[in-house]
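The structure appears right after this line, and notes come after that.
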Amino acid sequence: MSQRRALKIGLEIAVPLAILAAWQAYTVHLDSSKFPRLSTILVEFRDMWLFSQFGTHVVPSLERIGLGLAIAVVVGIGLGIPIGLSRWARLWTMPHIEFWRAMPPPALLPITVILLHSIGNTQKVAFIAFFCLFPILLNTIDGVRSIDPTLLETARSYNIPQHERIRRLVLPAASPQIAAGMRTSVSLAVITMVLAEYFSSTNGVGYVLLISKNTFQFTPMWAAIVLIGVLGYVLNVLFLFAERRVLAWHRGWRASQA
Amino acid sequence: MASRLASLAGLMLEITHLAKTYGEGAKATEALRDVSFTVEDGEFVCVVGPSGCGKTTLLKCVSGLLRPTRGDIVLRGNRVTEPPEEMALVFQEYGRSLMPWASVRNNVLLPLRHKPIRRDERGQLVEEALESVGLTRFIDHYPWQLSGGMQQRVAIARALAYQPSILLMDEPFASVDAQTRGDLEDLVLDVRDEFGITILFVTHDIDESVYLSDRIVVLAQAPTKVKEIIPVDLPSPRDQIETRRLETFAQLREHVYRLIKREKAKKQQAPELPEPVPLSGTEV
């Protein structure tokens, strides 16, 4: 058993290392400015992100993601609970939600710049929040609907007032699904952040991507790509870590049901 | 024990001509046709009947969760139209009536949070209730870390902490194993004495109904009426071995068993047996 575990951990480390080594070997062999050596990209990465431009470009991007996600979470849960609780509310809101949810983010990019008269933070945060809203909203609605009717009857039989019922029963019951929606939104936030910054911006990781494209600087572009990948990965890991702690009961409960 | 007889003074619950029909028109299902009985203060009344005879419907009407089509439910002189403050309900599905995200303490605390009592008093009620069901040690556990029987004891503790004057129980021990069931039966009898609580207990288990109750209400096949109300003249306190060995126990058990078997047979032979339709509210 422990031997299998050792093998598993070994593979988890060895496979990425092997891929990176292959990447390096291939780029050395290729010797192309469009596809620079991995070592060159990593040096550029360190120079750009870890020191000089972290404050000017990475911090603004992170702020936008954070703010956009926070708005999406508050609005998504705030709207999702009443909609999930009421059949009537679902009847007249669901077509609208389904319509906007199906909208590809780039389609709305130009109009947000025009409507919000800004290429600054308002437009970007609004853009990120809007698209991150839907996974959270839909999952909240679903989570609220899936609450066990026996639990609601228990609450009714004890005359538990509505606000207590929402706080103590509905919200915790829906929380595993809300978390699933939030996780989708975290990756959507990175996507929409890059998109918004690439389209119109004066700073941020997406902006760096745009500038390096316009000036044919491929090494910074690659460094930006690596950064965006790392960002998405780290955010997801952080989220999973938080979820594990907050929803520990859910894992235990699920295991006990088996 | 004499004090218990003395407490059988007033009328706790009065159910008169209760009827419940689900749906309307051609799709209507008549679950209860005409159910009347009373529960005295401090009494333990079991409701038994063949499966599918509307026992749960009856309990949901009595608890105010379901609006009856006809008839009245009066709790201590007040008509029940919504769940009354002095009533607590224990469901069969303990696993689904407890919150898996909350500790045993917080599960028991749930119905007390909105009550106008002091915080420390609330905590004390929770601890006392858990002590009387023997779960003090598990106060900080999650319900799903406990066995089925222990989970149902948490649900019972929650009902007790709510300080009801009447406890309704809907087949509470139907999904625990036989030994645990015996323990829980005795536990319920103990807390009835300790808290001086009135209990209306629905079950399909005939032995259980005889063992627990002061009176048994036997329901007929759906559409449901009361078949017979049987006083249970067994000595208190009850004992799993001694009580069940008594001649009276065997006779009562046999009597209830025959009643229910006859009901089942009636259903099988003539499912559409025409029964006299009572004119609403005028029959005796």
Side-chain angles (χ1 to χ4, degrees), chain A residues 73 77 80-81 84-85 87 139-140 142-183 240-258, chain B residues 56 59-67 80-104 106-116 141-148 150-151 154-155 158-164 166-170:
Chain A
V73 167
I77 296 174
I81 286 176
L85 286 175
R87 205 165 56 86
N139 274 282
T140 306
D142 240 35
V144 168
R145 289 184 65 188
S146 68
I147 182 170
D148 198 309
T150 309
L151 208 50
L152 288 179
E153 276 196 328
T154 306
R156 261 189 71 207
S157 76
Y158 284 120
N159 287 298
I160 291 165
Q162 179 80 358
H163 67 274
E164 279 277 302
R165 225 178 284 182
I166 287 172
R167 182 169 160 211
R168 309 272 172 201
L169 300 177
V170 175
L171 202 55
S175 60
Q177 228 173 316
I178 294 174
M182 281 167 69
R183 206 178 146 198
L240 283 182
F241 179 73
E243 187 194 30
R244 237 166 228 239
R245 307 206 70 180
V246 176
L247 295 180
W249 66 267
H250 189 238
R251 290 151 53 84
W253 175 69
R254 283 243 311 253
S256 77
Q257 299 293 297
Chain B
T56 298
L59 216 54
K60 282 193 176 163
C61 286
V62 173
S63 64
L65 288 173
L66 206 59
R67 196 174 280 273
V80 174
T81 50
E82 54 184 39
E85 283 291 341
E86 46 189 329
M87 191 183 261
L89 185 56
V90 174
F91 292 89
Q92 178 188 337
E93 308 98 332
Y94 47 81
R96 292 168 54 196
S97 77
L98 297 174
M99 305 173 288
W101 51 85
S103 64
V104 166
N106 285 336
N107 266 287
V108 178
L109 192 60
L110 177 76
L112 304 182
R113 288 186 192 273
H114 66 280
K115 278 203 164 189
H141 282 58
Y142 284 111
W144 41 264
Q145 292 174 312
L146 310 178
S147 70
M150 285 157 91
Q151 288 182 41
V154 175
R158 178 167 64 186
L160 292 173
Y162 192 60
Q163 296 183 299
I166 183 165
L167 187 59
L168 307 187
M169 306 183 90
D170 184 11

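Per chain, numbering begins at 1; letters A, B, ... match sequence-line order.
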Please report the shortest heavy-atom distance between [X] and [Y], naming the atom on each side.
{"X": "A:Arg168", "Y": "B:Trp101", "answer": "O-NE1, 3.0 Å"}
{"X": "B:Ala155", "Y": "A:Tyr158", "answer": "O-OH, 4.5 Å"}
{"X": "B:Leu65", "Y": "A:Ser157", "answer": "CD2-N, 3.9 Å"}

Could you tell me which portion of [X] (side chain, backbone, both or neither) has an atom closer than 4.5 angstrom to a non-hydrogen atom of chain A?
{"X": "B:Ala102", "value": "neither"}
{"X": "B:Ser97", "value": "both"}
{"X": "B:Leu98", "value": "backbone"}
{"X": "B:Pro143", "value": "neither"}

Spatial distance of atom CG (A:Leu152) from atom CZ (B:Arg96) [nearest 0.5 Å]: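 If I round to the nearest 0.5 Å, the distance is 11.0 Å.
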Atom pair CZ/CH2 of A:Arg254 and B:Trp144 - distance to nearest 0.5 Å: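 Reported to 0.5 Å precision, the distance equals 12.0 Å.
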Which of the residues B:Gln145, B:Lys115, B:Arg158 is involved in the greatest number of heavy-atom pairs with chain A at under 4.5 angstrom?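 The answer is B:Arg158.
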Where on [X] is there a heavy atom nearer than 4.5 Å to chain B: the side chain, the backbone, both, or neither?
{"X": "A:Ala173", "result": "both"}
{"X": "A:Glu153", "result": "both"}
{"X": "A:Leu247", "result": "neither"}

Between A:Leu151, A:Thr154, A:Asn159, who has the most heavy-atom pairs with chain B when the cutoff is under 4.5 Å?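 Going by pairs under 4.5 Å, I would pick A:Asn159.
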Flag the one option from A:Pro149, A:Pro161, A:Gly252 with the top tally of heavy-atom pairs under 4.5 Å to chain B.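 Sorted descending by pairs with chain B, the first entry is A:Gly252.
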